[in-house]
Number of protein chains: 2
Amino acid sequence: MFDTDALRLIDAVARLGSFTAAAAELQYTQSAVSRRVAAIEARAGGPLFERLPRGVRLTPAGATLHRHTRDVLERLQRVNEELAAIHQGTGGRLRVGAFATANAALVPTALKDYAREFPGVDTTLVEGLTRHLVDRLDEGAIDVAVVSDYPAGLDTPPSIVLEPLLEEEFLVGLPAGHRLAAQEVVDLRDLRDDNWIEGARPGQNLMLAAACATAGFTPRVSMRVGEWTGKLGFVAAGLGVTLVPALATQGMRPDLVLRPIAQQAPRRTVFAALPRAPLPAARELARVLAGAAGRMAGCTTPSPTSRAVWPPA
Amino acid sequence: MFDTDALRLIDAVARLGSFTAAAAELQYTQSAVSRRVAAIEARAGGPLFERLPRGVRLTPAGATLHRHTRDVLERLQRVNEELAAIHQGTGGRLRVGAFATANAALVPTALKDYAREFPGVDTTLVEGLTRHLVDRLDEGAIDVAVVSDYPAGLDTPPSIVLEPLLEEEFLVGLPAGHRLAAQEVVDLRDLRDDNWIEGARPGQNLMLAAACATAGFTPRVSMRVGEWTGKLGFVAAGLGVTLVPALATQGMRPDLVLRPIAQQAPRRTVFAALPRAPLPAARELARVLAGAAGRMAGCTTPSPTSRAVWPPA
DNA sequence: CTTTGGGTATTCCATGCACGCATGCCTTCC
DNA sequence: GGAAGGCATGCGTGCATGGAATACCCAAAG
């Protein structure tokens with residue numbers, strides 16, 4: 001096969017039409033070029049340059065080779081640029097994972113900011129539960145993920161580092177005509193006899209159970225719905241009430257009423273998860289996510305424990 | 001930049017997911033692969049493979065590189081195949097030049113045969129005067145040319161070799177209603193008072209002048225027309241008579257009558273011109289041209305001086 | 001015919017890169 | 001705890017590659 005040095009040599013000789021000139025351009029001596037070309041021609045199976053009294057000229061075989069040569073060299077140049085871009089975080093592909101609620105507002109906001117700052121980065125987004133996202137991150141299928149610590153406390157492998165983004169509380173979601181919809185704040189105990197809609201996936205019921213336990217009752221769960229849109233649809237239809245994380249309130253359907261919880265509301269923390277040696281682009285996105293998190297309504301920065309109010313002032 | 005060996009190594013490791021396996025495939029030792037990969041990663045500016053307990057895995061940067069790697073290697077493979085094809089004469093591009101009359105029948109016939117025998121060769125055709133074709137051939141712009149020795153005796157540079165294809169004679173072209181059109185053979189002296197149409201390009205009048213000089217008169221030239229179609233159009237319209245090479249009789253317009261010349265007809269030899277080191281494909285085409293020349297009506301093989309008869313029996 | 005100049009081919013030699021071998025170290029699995 | 005699989009590393013060597021000098025070739029000029 002042909003060496004890249006050989007390709008560069010072929011290109012230079014073809015462009016300049018002379019061994020001597022090519023040698024000057026590539027910082028070789030003429031003799032080196034001569035011998036190298038001879039070696040390349042031997043490997044190519046025939047002469048690539050026609051020797052003229054003054055300089056050389058491509059043979060048809062040489063011209064064929066030269067055409068490909070230019071493309072290949074150009075391609076290698078592009079590879080170098082892309083690698084440099086990847087290492088600077090200003091290019092390449094970035095695969096992002098996020099749980100469903102984060103995709104309502106936080107992640108879109110952040111990705112919009114990010115795309116403005118790094119237009120060269122090609123981002124793709126996958127949605128999944130925290131558990132799943134951590135696994136994908138660990139196996140390198142995604143580069144950065146937005147995850148939450150609830151439920152199950154987020155046992156991440158040591159190869160993954162977490163950066164807290166925000167702390168959010170859960171609100172109750174009521175149908176528009178619900179008897180408590182007029183109140184500014186809802187006491188969970190007033191909902192002890194209502195039907196509750198909860199998620200169908202494993203662990204998603206822990207949050208509700210814990211909150212109601214704090215309030216001193218056990219919720220009557222009438223339905224388990226996997227998807228968010230379906231869950232909210234059932235609530236809007238008056239079939240029950242549910243817990244809604246504050247992050248999901250953006251763009252909430254108008255026939256639903258969200259009210260903060262009177263007693264200690266269930267809370268969870270949202271993290272950016274990165275591999276221990278993340279892509280620069282991933283690290284940048286984590287930074288942008290933190291900025292976007294600060295602008296999310298109804299959420300607080302992670303460390304302080306200030307109370308969330310809904311709707312925000 | 002990246003060496004082709006490096007590219008092959010990257011590809012093997014990425015495909016097999018292991019230094020050891022890649023080493024086995026490429027007939028290296030594991031240690032060589034390890035150090036080579038380390039060197040490549042240093043040049044790439046960052047790790048390309050993530051080391052796992054069992055084997056390795058591409059990092060995003062590595063994946064980017066690998067994508068290009070495969071394309072480049074594939075391309076180099078294609079180059080090799082093309083070069084092999086060129087040297088066997090079974091592929092590549094063949095640039096053919098021919099003078100106008102040869103393009104009437106000889107060259108199309110030969111190219112048709114040639115394409116059937118070597119379907120892999122991509123042929124292009126340029127038309128031009130012999131002088132021009134020889135220059136183009138000398139500078140490598142075309143690979144083979146069909147030229148004639150008339151006029152000017154064909155002084156070719158030593159870098160070009162000529163292979164005689166055929167010897168053709170010139171006929172007189174008369175309008176359909178001409179007073180001599182009924183004769184089987186025309187005596188040039190009967191045309192001493194006719195208007196002659198001749199070519200406009202330099203040297204094209206020599207043939208007519210010589211022929212008429214042999215017959216003992218000087219032709220009255222009424223018009224000079226550059227293009228063949230125009231020339232024949234004028235003759236067909238009854239504006240004059242002209243000389244027509246035998247090769248051009250194929251596909252001649254029906255309102256023209258061609259008649260052999262009674263006295264010694266002007267003749268010319270047609271050659272295939274090749275560079276001293278021709279493409280195998282060019283050499284093959286020369287062979288096919290010789291075959292086609294043997295089947296051309298009104299022409300003779302070069303060495304014997306047999307008289308041409310028109311129309312042929 | 002000789003000279004000169006621009007270009008390529010060839011010979012000799014030094015250098016350094018890359019590979020193989022042997023070994024070390026880590027992790028996982030039995 | 002031992003065995004096995006896999007990557008990293010230190011050392012020695014051989015071959016490829018480039019530099020310097022020179023021979024060679026051709027064309028144009030004197």
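All chains are named by letter (A, B, ...) in the order of the sequence lines, taking the proteins before the strands, and each is independently numbered beginning at 1.
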Does A/D71 come within less than 4.0 Å of A/R67, counting only side-chain N to carboxylate O? no

Check every atom of C/dT8, D/dG18, D/dA20 against the side chain of A/S31 and return the nucleotide holding the closest atom. D/dA20

Does B/A282 have any side-chain contact (heavy atoms from CB on, under 4.5 Å) partners at least two apart in sequence or in another chain, and if so, which? B/L94, B/D143, B/V144, B/L274, B/P278, B/L279

When rounded to whole Å, the CZ to C1' distance for the pair A/R8 and D/dT17 reads 15 Å

If you draw a 6.0 Å radius around CZ in A/R8, do more than 12 non-hydrogen atoms from other residues or ligands fall strictly inside? yes

Do the side-chain N or O atoms of B/S34 get closer than 4.0 angstrom to the phosphate oxygens (OP1, OP2) of D/dC7? no

Atom-pair distance (CZ on B/F49; P on D/dA8), nearest Å: 11 Å

Whole-Å distance, A/E50 CD to D/dC25 C1', equals 16 Å

Counting just side-chain N and O atoms, does A/T20 come under 4.0 Å of either OP1 or OP2 of C/dT8? yes

Identify whether any heavy atom of B/R35 sits under 4.0 Å from a base atom; if not, whether one sits that close to sugar-phosphate; answer base, sugar-phosphate or nothing. base

Relative to the 5' end of DNA chain D, which residue comes earlier, B/A32 or B/R54, by the nucleotide with the nearest heavy atom? B/R54

Whole angstrom value for the distance that separates C1' of D/dT17 from CG of B/D5: 14 Å

Tell me the interatomic distance from B/L52, atom CG, to C/dC25, atom P, rounded to whole angstroms. 22 Å

In whole angstrom, what separates B/L9's CG from C/dA18's P? 12 Å

For the side chain of B/Q30, starting at C-beta, report the closest nucleotide among D/dC7, C/dA9, C/dC19. D/dC7

For A/L26 and D/dG19, give me the distance from atom CG to atom P, rounded to whole Å. 10 Å

Would you say B/Y114's side chain and B/T123's backbone share a donor-acceptor pair under 3.5 angstrom? no

Identify which one of B/E74, B/E82, B/E81 satisfies the salt bridge (Lys or Arg N to Asp or Glu O under 4.0 Å) criterion when paired with B/R78. B/E82

Residue-phosphate contact under 4.0 Å: A/R51 side-chain N/O, C/dA9 OP1/OP2: yes

Could you state the CZ-P distance from B/R57 to D/dG6, rounded to the nearest angstrom? 16 Å

Report the residue (A/A38 or A/G55) whose heavy-atom-nearest nucleotide on DNA chain C is the more 5′ of the two. A/G55

